[in-house]
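Notes follow the structure.
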Amino acid sequence: MAEHKRKASLSASSTEEDDHRHITGHAPGTAVALVKRPKTNGGQDGDSTAIVQTGPKRTSGLQAPIMHLTGHTGEVTTCRFSDSGEHLASGSADKQVFLWNTYGDCENYGVLQGHKGCVLELQWMPGSERLITASADNTAIMWDVVTGERLKRVKQHTASVNACCPLNKGAGDDNMFVSASDDGMAFVWDARERHPVAEIEHGLPLTSVAAALSGNVIYTGSLDNSITGWDVRTLSAIQTLRGHSNTVMGLSVSPKTGNYLVSTSLDNTVRFWDLRPYCKLPNRCEKVFSGAPHGFEMSFIRPSIDKDETMVGSGSSDRSMTIWGLRSGEIKYKLPGHKGTVTQVDFHPKEPIVLSGSNDKSMFLGEL
């Protein structure tokens with residue numbers, strides 16, 4: 001794993017300042033300063049730009065209210081905070097995974113290389129020292145982010161691995177994870193074992209996967225427009241969530257209680273599902289959020305639920321990040337800045353900070 005360091009320089013043109021002031025929606029008359037951090041390793045690593053605004057009271061420990069992270073040479077397809085919130089990781093069509101510090105200069109301190117295709121999803125394992133990635137090269141990899149070592153590479157899938165997730169996150173297990181693929185299979189893996197410990201056959205390509213915090217149920221999204229819940233012990237389908245009218249492209253389980261699931265779809269809606277066994281809703285769909293179109297690109301767009309389970313966030317093809325109030329269903333924030341489809345939204349586990357990645361090859365960190 002390569003190591004990278006940054007040094008800040010105050011060299012920003014007035015043209016860049018005007019552009020950033022426009023795209024981030026700053027009010028006229030506010031003071032905006034760009035702090036540019038140049039690439040230092042032959043252009044192969046990452047770069048971050050801070051947008052410093054005076055005025056409103058700060059709500060987070062970020063160096064500036066908005067941090068712009070660049071360095072990938074391909075579309076940023078996935079990005080997420082570690083469980084501690086001290087770090088974040090991003091995956092890209094450039095086949096690389098970048099590791100970043102959340103605070104300070106947002107240093108890009110490492111690059112993980114080994115995939116031969118686009119990195120389609122990444123997830124942190126409990127403890128923030130391991131990372132799993134799914135790739136279009138038909139493989140999934142578990143990494144040690146401290147040493148950069150590949151701990152396990154799984155090759156049993158026969159088509160693109162579109163999604164992955166930890167299995168027993170609520171129990172703090174950093175060995176068990178799930179991979180889901182276009183081959184219609186979801187495999188359950190134990191990093192200590194050579195072969196899958198369980199196999200789930202859906203029959204149609206799987207586009208997304210999430211697991212209950214207990215690890216007892218796996219949820220998969222597919223081309224059949226539905227979400228299927230699978231019992232890990234019996235490997236049978238125990239629940240089907242219907243409501244989307246097109247392919248489900250992203251899933252996320254609520255991080256605090258595990259009682260809820262959010263999904264994105266090519267039908268241009270984001271749906272919020274109640275997973276509790278005593279739910280009285282006939283189809284378990286509590287809310288349908290609109291305002292985040294998916295677009296003709298049919299990109300994977302991964303949603304997120306905040307740590308307090310009060311907000312739902314999703315990217316969209318309109319180059320913005322949309323955040324809704326979970327109970328009201330109303331749009332709380334419509335955040336611009338990106339120049340391409342926003343593919344991933346993730347909430348910080350401890351502070352009011354949101355992360356977005358985009359087809360424009362960059363990410364934004366911003367405080368709410």
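Between the Ser358 side chain and the Thr341 main chain, a donor and an acceptor come within less than 3.5 Å of each other. Judged by distance alone, with hydrogens and angles left aside, the side-chain atoms of Glu309 form a donor-acceptor pair with the main-chain N or O of Thr257 at under 3.5 Å. Thr269 places no side-chain N or O within donor-acceptor distance of the main-chain N or O of Val288, the cut-off being under 3.5 Å. Panel note: side chain Thr343, backbone Val76; a donor-acceptor pair is recorded below 3.5 Å. Judged by distance alone, the side chain of Ser181 and the main-chain N or O of Ala159 form a donor-acceptor pair under 3.5 Å. Under the 3.5 Å distance criterion, the side-chain polar atoms of His294 are matched with a main-chain donor or acceptor of Ser299. Judged by distance alone, with hydrogens and angles left aside, the side-chain atoms of Ser160 form no donor-acceptor pair with the main-chain N or O of Asp182 at under 3.5 Å. No donor-acceptor pair under 3.5 Å is formed between the side chain of Ser252 and the backbone N or O of Val262. Side-chain N or O atoms of Ser92 include one that pairs as donor or acceptor with a backbone N or O of Gly74 at under 3.5 Å. Using a distance-only test at 3.5 Å, with no hydrogens or angles considered, a donor-acceptor pair links the side chain of Ser265 to the main chain of Thr247.
Counting heavy atoms of neighbouring residues, nucleotides and ligands inside a 6.0 Å radius, atom NZ of Lys152 exceeds 12 of them. The environment of NZ in Lys332 is sparse: at most 12 heavy-atom neighbours from other residues, nucleotides or ligands sit within 6.0 Å. Remark: Lys350 NZ is loosely packed, at most 12 non-hydrogen atoms of other residues, nucleotides or ligands lying under 6.0 Å away. Remark: Glu129 CD is loosely packed, at most 12 non-hydrogen atoms of other residues, nucleotides or ligands lying under 6.0 Å away.
For the pair Lys287 and Trp324, the minimum side-chain heavy-atom distance is 4.5 Å or more. With contacts defined as side-chain heavy-atom distances shorter than 4.5 Å, the pair Ile323/Leu368 qualifies. Proximity of Leu241 to Cys285: side-chain heavy atoms (C-beta onward) are nowhere separated by under 4.5 Å. Thr228 places none of its side-chain heavy atoms less than 4.5 Å from the side chain of Ile218. Residues Phe364 and Met321 fail the side-chain proximity criterion, which asks for heavy atoms closer than 4.5 Å.
Legend: residues meeting salt bridge (Lys or Arg N to Asp or Glu O under 4.0 Å) with Arg276, ordered by chain and number and at least two apart, are Asp274. By the salt bridge (Lys or Arg N to Asp or Glu O under 4.0 Å) test, Asp174 pairs with Arg130, sequence neighbours left out. Judged as a salt bridge (Lys or Arg N to Asp or Glu O under 4.0 Å), and not counting sequence neighbours, the contacts of Asp83 are Lys169. In this view, Arg271 satisfies the salt bridge (Lys or Arg N to Asp or Glu O under 4.0 Å) rule with no residue, not counting sequence neighbours.
A side-chain N or O of His244 and one of Ser263 form a donor-acceptor pair less than 3.5 Å apart.
Once rounded to the nearest 0.5 Å, the distance linking CG of Asn162 with OG of Ser222 reads 10.0 Å. A distance of 4.5 Å separates CG in Leu69 from CE in Met363, rounded to the nearest 0.5 Å. Within the model, atoms CD1 of Ile66 and CD of Glu367 stand 8.5 Å from one another, a figure rounded to the nearest 0.5 Å. Taking CG of Asp308 as the reference point, atom CG of Leu326 lies at 11.0 Å (rounded to 0.5 Å). The structure places OG1 of Thr264 at 12.5 Å from CZ of Phe289, a figure rounded to the nearest 0.5 Å. The CG atom of Leu251 lies 8.0 Å from the OG1 atom of Thr220; values are rounded to the nearest 0.5 Å.
Judged as a salt bridge (Lys or Arg N to Asp or Glu O under 4.0 Å), the pairs with a partner in residues 232-256 (not counting sequence neighbours) are, in order, Asp231-Arg233. Sorted by first and then second residue, the side chain to side chain donor-acceptor pair (under 3.5 Å) pairs involving residues 193-213 (not counting sequence neighbours) are His202-Asp224.
The two atoms that bring Ser362 and His338 nearest to each other are O-CE1, 3.5 Å, heavy atoms only. Between Ile305 and Val312, the closest heavy-atom pair is CG1-CG2, 4.3 Å. When all heavy atoms are compared, the tightest approach of Met176 to Met125 is O-CE, 3.2 Å. For Asp137 against Gly117, the heavy-atom pair with the smallest separation is CB-N, 3.6 Å. When all heavy atoms of Gly85 and Tyr103 are compared, the closest pair comes out as O-CE1, 3.8 Å. Closest non-hydrogen pair, Met142 versus Ala191, comes out as SD-CB, 3.7 Å.
Taken together through direct or relayed side-chain contacts under 4.5 Å among Ile, Leu, Val, Met, Phe, Trp and Tyr, Val145 and Val97 form part of one hydrophobic cluster. Both Val154 and Phe187 are assigned to one and the same hydrophobic cluster, defined by single-linkage of ILVMFWY side chains at heavy-atom distances under 4.5 Å. Hydrophobic clustering of Ile, Leu, Val, Met, Phe, Trp and Tyr side chains at less than 4.5 Å, counting indirect connections, keeps Val209 apart from Leu223. Val217 and Phe177 are members of different hydrophobic clusters when ILVMFWY side chains are connected at heavy-atom separations under 4.5 Å. Tracing side-chain contacts under 4.5 Å through hydrophobic residues (I, L, V, M, F, W, Y), one reaches Trp100 starting from Leu365; they form part of the same cluster.
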Step-by-step salt bridge (Lys or Arg N to Asp or Glu O under 4.0 Å) determination, Glu121 to Arg80: CA-CA 9 Å; Glu121 185 167 31; Arg80 281 190 170 91; 3.2 Å; yes

Steps toward side chain to side chain contact (heavy atoms under 4.5 Å, CB included) verdict (Leu62, Thr102): CA-CA 7 Å; Leu62 287 178; Thr102 303; 4.2 Å; yes

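Ring geometry for His157 against Trp189 counts as perpendicular: the plane angle is over 60°, on a 0 to 90° scale with 30° as the lower cut. By the 30° and 60° cut-offs, the orientation of the rings of His115 relative to Trp143 is perpendicular.
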